[in-house]
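Positions are given from 1 along the sequence. Just so you know, these numbers use all the heavy atoms, side chains as well, and skip hydrogens, waters and symmetry mates.
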Amino acid sequence: MGNACYYSVEKLLLSSLLSKNLKVRIYKTVILPVVLYGCETWTLTLKEEQRLRVFANKVLRKIFGAKWDEVTGEWRTLHNAELHALYSSPDIIRNIKSRRLRWAGHVARMGESRNAYSWEAGGKNLWGGRDVDGRITEDISNTSPDDIEFRRAPRVFHEQENQFIELDDNLK
């Protein structure tokens with residue numbers, strides 16, 4: 001679906017009439033939602049992560065174009081580090097992990113009577129036997145110091161919830 005979406009807007013991304021900022025906005029609002037639809041429940045292998053990175057880099061290279069190399073005097077494609085320096089948003093895998101953690105927070109706040117805890121179809125879980133809980137735990141443990149808000153979010157939520165309960169008790 002991602003390639004179909006990309007090729008439907010490819011002429012816009014290659015157009016010299018549109019600014020790079022507008023092209024990035026098209027990428028974020030048209031292409032990424034299609035590619036990342038339902039990613040909260042995905043359990044990605046390293047190969048699948050690599051394929052998603054390659055796709056994202058392909059689209060970003062089309063947006064930012066080639067770079068003139070002063071040393072060789074020729075046009076060349078952007079290296080990944082240069083590409084990510086130009087594209088200030090997190091990479092696609094970090095985006096998926098962020099969404100997965102947000103979804104895990106929603107599921108954790110659901111009651112156990114909801115079907116989110118026992119979602120099965122014909123005796124096999126819907127994720128093809130992959131360990132979703134283990135991947136979420138792995139995402140939390142592998143969160144970098146830059147993403148510390150992910151680790152703090154549940155604790156902060158409960159601290160705020162306790163403050164509201166204390167305020168409510170004081171008003172009685």
Task: Pairing residues for Arg99 by the salt bridge (Lys or Arg N to Asp or Glu O under 4.0 Å) criterion, not counting sequence neighbours - done: none

Task: Residues which pass side chain to side chain donor-acceptor pair (under 3.5 Å) with Thr77, listed by chain and number, not counting sequence neighbours - done: none

Open item on the list: Distance check, rounded to the nearest 0.5 Å: Gln50 atom CD versus Ile93 atom CD1?
Closed with: 8.5 Å

Task: For Tyr27 against Pro33, the heavy-atom pair lying closest together - done: O-CD, 4.5 Å

Task: Any pair counted as ring-ring contact (aromatic ring centres under 6.0 Å, His included), so long as it reaches residues 5-24, sequence neighbours left out - done: none

TODO: Measure the spacing between CG of Leu18 and CD1 of Ile26 and express it to the nearest 0.5 Å.
DONE: 5.5 Å

TODO: Could you note down all residue pairs passing ring-ring contact (aromatic ring centres under 6.0 Å, His included) where residues 62-83 supplies at least one of them, sequence neighbours left out?
DONE: Trp68-Trp75

Open item on the list: For a quick test of reading the model, state the closest non-hydrogen atom pair linking Trp42 to Leu36 and the distance between them.
Closed with: CH2-CA, 4.1 Å

Task: Minimum-distance pair of heavy atoms, taken over all atoms of Val30 and Val34 - done: O-CG2, 3.4 Å

Open item on the list: Under the rule for salt bridge (Lys or Arg N to Asp or Glu O under 4.0 Å), what residues qualify as partners of Lys20, not counting sequence neighbours?
Closed with: none

- [ ] Examine Val24 and Leu22 and state if one hydrophobic cluster contains both, with Ile, Leu, Val, Met, Phe, Trp and Tyr joined whenever side-chain heavy atoms are less than 4.5 Å apart.
- [x] yes

Task: Residues, nucleotides or ligands: over 12 heavy atoms within 6.0 Å of Arg61 CZ - done: yes

Open item on the list: Main chain of Cys5, side chain of Ser8: is a donor-acceptor contact present, judged purely on distance under 3.5 Å?
Closed with: yes

Open item on the list: Do Lys58 and Asn3 pair up side chain to side chain, a donor and an acceptor below 3.5 Å, judged on atom types alone?
Closed with: yes

Open item on the list: If hydrophobic clusters are built from ILVMFWY residues whose side chains come within less than 4.5 Å, do Leu86 and Leu60 share one?
Closed with: yes

- [ ] Check whether more than 12 heavy atoms from other residues, nucleotides or ligands sit under 6.0 Å from atom CZ of Arg53, and answer yes or no.
- [x] yes

Task: Residues forming a side chain to side chain donor-acceptor pair (under 3.5 Å) with Lys62, sequence neighbours excluded - done: none

Task: Verdict with reasoning, Glu48 to Thr43, per side chain to side chain contact (heavy atoms under 4.5 Å, CB included) - done: CA-CA 9 Å; Glu48 292 166 338; Thr43 55; over 6 Å; no

TODO: Run through Ile92, Leu32, Ile31 and flag the one making a side chain to side chain contact (heavy atoms under 4.5 Å, CB included) with Val59.
DONE: Ile31

Task: Any donor-acceptor N/O pair, Lys67 side chain to Leu78 backbone, under 3.5 Å - done: no

TODO: State whether the side chain of Arg109 and the backbone N or O of Gly105 hold a donor-acceptor pair below 3.5 Å, judged by distance alone.
DONE: yes

Task: Inter-residue atom distance Lys97.NZ - Leu101.CG, 0.5 Å rounding - done: 9.0 Å

Task: Value rounded to 0.5 Å, distance of NE2 in His84 from OG in Ser89 - done: 11.5 Å

